[in-house]
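A short write-up of the structure that comes next.
Chain letters run A, B, ... following the sequence lines, proteins first and then strands; every chain starts at 1. Atoms considered below: every heavy atom in the structure, side chains included; atoms not considered: hydrogens, waters and symmetry mates.
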2 protein chains.
Amino acid sequence: MATPSASSSVIKRQAVEVHPVDDIDRLMGVCRRIGEGLPIEEILSEILTEARRLTNAEGGTVFAVESHRLRFVCCQNDARPDVVYKAAPGEGHCPIRGALGSNSLPLDSTSLSGYAATTLQTLRIDDVYDLPVGAPYRYNSAVDKSIGYRCVSMIVTPLLDARGEVVGVLQLLNKRDAAGNITTFTAREQRIVEGVACIASTSVREAQIREQQQRSHLDTILRLATAAEYRDGETGDHLRRVGLYCETIARACGRPRDWARMLLLASPMHDIGKLGVADAVLLKPGKFTPEERAAMERHTTIGASILAEPKDDLMRMAERIARTHHERWDGKGYPAGLAGDDIPLEGRIVAVADVFDALTSKRVYKAAFPRDDAFKAIEDGAGAHFDPDVAKGFLGARSEIESIYEAFSPDAPG
Amino acid sequence: MATPSASSSVIKRQAVEVHPVDDIDRLMGVCRRIGEGLPIEEILSEILTEARRLTNAEGGTVFAVESHRLRFVCCQNDARPDVVYKAAPGEGHCPIRGALGSNSLPLDSTSLSGYAATTLQTLRIDDVYDLPVGAPYRYNSAVDKSIGYRCVSMIVTPLLDARGEVVGVLQLLNKRDAAGNITTFTAREQRIVEGVACIASTSVREAQIREQQQRSHLDTILRLATAAEYRDGETGDHLRRVGLYCETIARACGRPRDWARMLLLASPMHDIGKLGVADAVLLKPGKFTPEERAAMERHTTIGASILAEPKDDLMRMAERIARTHHERWDGKGYPAGLAGDDIPLEGRIVAVADVFDALTSKRVYKAAFPRDDAFKAIEDGAGAHFDPDVAKGFLGARSEIESIYEAFSPDAPG
C-alpha cells in the first residue's frame with residue numbers, strides 16, 4: 001500500500017525503514033513462536049506480546065468478537081504491570097472492567113476498536129486526545145483516569161478470518177523510542193502489525209474450529225456414556241458434573257490444563273461397563289447376593305475391555321479410569337485391590353468426584369445428602385477411601401465445585 | 001502488486017531487493033488465501049500454488065514427512081499440465097511414481113529434498129544438472145527423462161512446525177522471467193518462499209492436530225456405539241464398515257467431502273437405541289411376538305431421543321439416522337412409514353450400508369451371504385426398500401466397498 005516515497009516522507013527515517021529481510025524475518029519469527037494447539041486466549045496474548053515487541057509499544061489490548069460485542073481478552077502495559085490481564089478460557093473477570101462498567105464494548109464505530117472492527121480499517125493515531133474533528137469514534141479516557149495513565153499514540157487493527165470477517169481487534173499504544181520517550185507509530189510499523197494480525201487471524205480461526213471439535217467430542221461422549229446408563233435411569237447431568245468436578249480437581253492438584261481437559265472427556269466413560277451387566281442384576285431392587293455383587297463389580301473390568309487397546313491418550317486414560325475408579329487408597333476397593341500410588345491418579349480423582357456426586361444426588365431409594373455432609377464425607381474418607389492429596393485438592397476447590405453443582409443440578413435444593 | 005521499479009528490473013536486481021511493503025503484502029495475501037479447516041493435502045496444494053505465483057516458478061512439488069519418508073503430496077507444472085497431481089486424503093497414487101519406482105523418497109541427504117529436510121536448510125540452485133562438486137545430494141533426473149522435461153533452477157525449503165521439526169518440503173523449479181525464459185531464483189525470492197513455508201507449516205500443524213482430533217472422535221464413537229450393542233454381540237468391525245460404506249456411498253452420490261466425513265462419524269450411532277430394549281426382547285432366541293417386535297422397533301425412536309436436542313450438525317445428522325434408518329423408499333418401513341424423499345438422505349444411505357453389512361456378516365443364526373448375492377440384493381431392492389439413486393451410487397462404488405469389506409472383516413471368506 002505505502003510506496004517507497006511514502007516511507008521516506010515521515011521525517012528522515014529512510015535508513016531505518018529499509019530492511020526487507022528483517023521484516024519477513026520478524027513475521028516468520030512471530031509465525032514460529034505462536035504455538036499450535038493453544039486456546040484462543042493464549043494465541044491472542046502471544047500475538048499481543050509479539051506485536052508490542054516488534055513496535056516497541058508500551059502497552060496494548062486484544063479484543064475478541066463475541067455475541068456482537070468486543071470482549072477484552074488481554075491487556076498488557078509495561079508502565080503499569082498491575083493492569084496486565086489475561087482472560088482464562090471461559091472466564092469473564094477483567095481489572096479494567098470497573099472503569100468501563102463492563103468487560104466488553106459495543107461493536108460499533110463509536111470507539112476506536114469498534115471503528116476498526118466495523119470498517120475493517122487500521123487506525124494509526126498520533127495522539128488519541130487529539131482526534132480528527134468529525135471522526136465518528138472517540139477515545140474513552142475512563143481507563144486512563146482510573147489508573148492514572150496517559151495514552152498517546154495508538155495503532156488499532158482488525159483481526160480478520162479467511163472469509164474476511166472480523167474475529168477481533170489488536171490495539172497497541174504508546175510507542176517508546178530508543179530514549180524511552182513516547183513517540184508516534186510509523187507506516188512501516190503499521191504494516192508489520194497488520195502482518196502480525198493476519199497471522200494471528202489464521203491461528204484464531206483454527207483454534208475456533210478446534211474448540212468446536214472438542215465441544216462436539218465431549219457432547220458425543222456425554223450422550224453415548226449417558227445412553228450406556230439408560231437402563232440405570234442415570235441422567236446426562238450426572239456425567240457432566242463428574243467430568244467438570246474431575247477437571248477442577250485435576251487443576252487444584254496442579255495437573256497441566258491439557259491433562260485436566262483430557263480428564264473432562266475421559267471421566268464420563270467410567271461406568272461404560274454397566275452395558276455388560278444383565279438387566280436382572282442392574283435393575284434388581286434391594287440387596288445383591290454375593291454372586292450378583294460380583295457381577296455388578298465386573299462393570300469395571302468390562303469397561304476396561306470395551307476401552308482396551310487404546311489408540312490415543314484419551315482412550316488410554318479412559319481405560320485406566322474404568323478399571324480403577326472403584327479402587328480405594330487403603331487397598332480395600334475393587335477389582336484389583338490396588339492401594340495408594342498404584343492406583344492411577346485419574347482413577348483416584350474420579351473416585352472422589354463420583355462419590356461426591358452420588359452423595360449429593362437424589363436416587364429412587366435415597367434423598368440427596370446436604371452439601372455440607374457430602375464435603376464432610378470426602379474429608380472423612382481422605383487417607384482411607386480417598387487419596388489425601390486428591391481430597392485436599394477437592395476441598396480446596398469447594399467454591400468451584402459448588403458452582404458446577406448449582407449449574408448442572410436441575411433439582412438442586414435451594 | 002509489483003512497483004514500477006520492480007517490474008523494470010530484471011537484470012539490475014539490487015533495486016528489486018528493497019520493497020518491504022510489497023513482501024509483507026505478499027505474505028499477508030498468502031496468509032489470507034489459505035483456507036482454514038482444510039485437509040493437509042489441500043493446504044499444501046494451495047501453498048505450492050501461492051509460492052509458484054510469487055516467484056513465477058513454472059513447477060513445483062510438495063512432500064510431507066510420513067513414517068520417516070518424504071511422500072509426494074502434490075506437484076504442479078505449467079509446462080506439463082499432464083503431470084499435475086494432487087493426492088486425495090489417504091490416497092497414495094502418483095503419476096511420477098513410475099519414474100521413481102515409489103511415491104516417496106527416503107528421508108536422507110542424498111536427494112535435494114531429503115537434504116533440505118534433514119539439514120533444515122534451504123537450497124537455492126541455479127542448475128540442478130551442475131551441482132557443486134562434493135555435495136552430498138544429487139539430482140535424480142529420472143522424472144525429467146520419463147516426461148521429457150529439463151529442470152534447471154530450483155528452491156528447496158523445509159516446512160517446520162513450531163517445535164522446529166520438519167513436517168514437509170516445498171520445492172519450486174524453473175523460474176520464468178518476463179520474457180518466459182528460464183532464469184535463476186533470487187535471494188529475495190528465497191526469503192519470500194521461506195516466509196510462505198513458515199506460514200504453511202503452522203497451517204499443516206493445525207491440520208494435523210485437527211485430523212488427530214477427528215480420528216480420536218471417531219474412535220470414541222465406534223467404541224461407545226459398539227459397547228451399546230455389547231449385549232447383542234456386535235463387533236466394532238461392523239460399525240466401522242458401516243461408517244466407511246456410508247462415506248463411500250455419500251461421495252458416490254456426489255455429496256461434498258465434509259458431509260461424507262460427518263456421515264462417517266454419525267452413522268455408527270444408528271442402533272444406539274438398542275440400549276433401551278430389555279434383555280428379554282433383545283436376547284430372545286427365535287421369533288418375536290407382535291409386542292416384542294414393536295419393542296424391538298422402538299430402538300429407532302429411543303435412539304432419536306438419546307440423540308435429541310442436538311447441539312451441532314453431527315448430532316443432528318445422527319439423530320435423523322437413528323430415527324429413519326429403518327424407513328423404506330416405498331413407505332413400508334418403520335417407525336413413521338416415511339417414503340421417498342421424505343426420508344432424509346442420510347437415513348436412506350445408512351439403510352443400504354446396514355443391510356449390505358448384515359447380509360455379508362456371519363450371525364449365530366445364519367451364514368454370511370456370498371458377496372455377489374449381497375450386491376444383487378441391494379440391486380433388487382432399489383426402488384422398493386432402497387432409494388434407487390443411493391443404490392446406484394453404492395453399486396457404482398463396488399470396488400471401494402469391496403476394499404472396505406476386505407480390510408475390516410476378520411472372517412471374510414478368501
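At a 4.5 Å heavy-atom cutoff, the contact between I221(B) and chain A is made by backbone and side-chain atoms alike. Contacts between L314(B) and chain A at a heavy-atom distance below 4.5 Å involve the side chain alone, from C-beta outward. Of the atoms belonging to E194(B), heavy atoms from both backbone and side chain fall under 4.5 Å from chain A. Within the 4.5 angstrom heavy-atom criterion, no atom of A266(A) approaches chain B. Both the backbone and the side chain of I199(A) come within contact range of chain B, each with at least one heavy atom under 4.5 Å from a heavy atom of that chain. Of the two parts of D279(B), the backbone and the side chain both hold a non-hydrogen atom closer than 4.5 Å to a non-hydrogen atom of chain A. Of the atoms belonging to A278(B), heavy atoms from both backbone and side chain fall under 4.5 Å from chain A.
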Let's go through R210(A) and I209(B) carefully: what are the C-alpha distance in whole Å and the side-chain angles of both, what is the deciding distance for side chain to side chain contact (heavy atoms under 4.5 Å, CB included) to 0.1 Å, and is it a yes or a no? CA-CA 8 Å; R210(A) 248 190 296 114; I209(B) 293 172; 3.6 Å; yes

Step-by-step side chain to side chain contact (heavy atoms under 4.5 Å, CB included) determination, T220(B) to H217(A): CA-CA 8 Å; T220(B) 303; H217(A) 197 165; 2.8 Å; yes

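Highest contact tally toward chain B, considering only A207(A), A197(A), G276(A), is held by G276(A) [criterion: heavy-atom pairs under 4.5 Å]. Among D219(B), T226(B), D313(B), the residue with the largest count of heavy-atom pairs under 4.5 Å with chain A is D219(B). The candidate with the highest count of non-hydrogen atom pairs below 4.5 Å against chain A, out of L265(B), I192(B), L307(B), L283(B), is L307(B). With chain B as the partner, the residue from S216(A), S305(A), G195(A) showing the most heavy-atom pairs under 4.5 Å is S216(A).
The nearest pair of heavy atoms linking L224(A) to A225(B) is CD1-N, 4.4 Å. Smallest separation of non-hydrogen atoms from A227(B) and I272(A): CB-CG1, 4.3 Å.
No side-chain heavy atom of M269(B) sits under 4.5 Å from any side-chain heavy atom of R223(A). Looking only at side-chain heavy atoms (C-beta outward), R215(A) and D312(B) stay at 4.5 Å or farther from each other. Put simply, the side chain of Q213(B) reaches to within 4.5 Å of the side chain of Q214(A), judged on heavy atoms.
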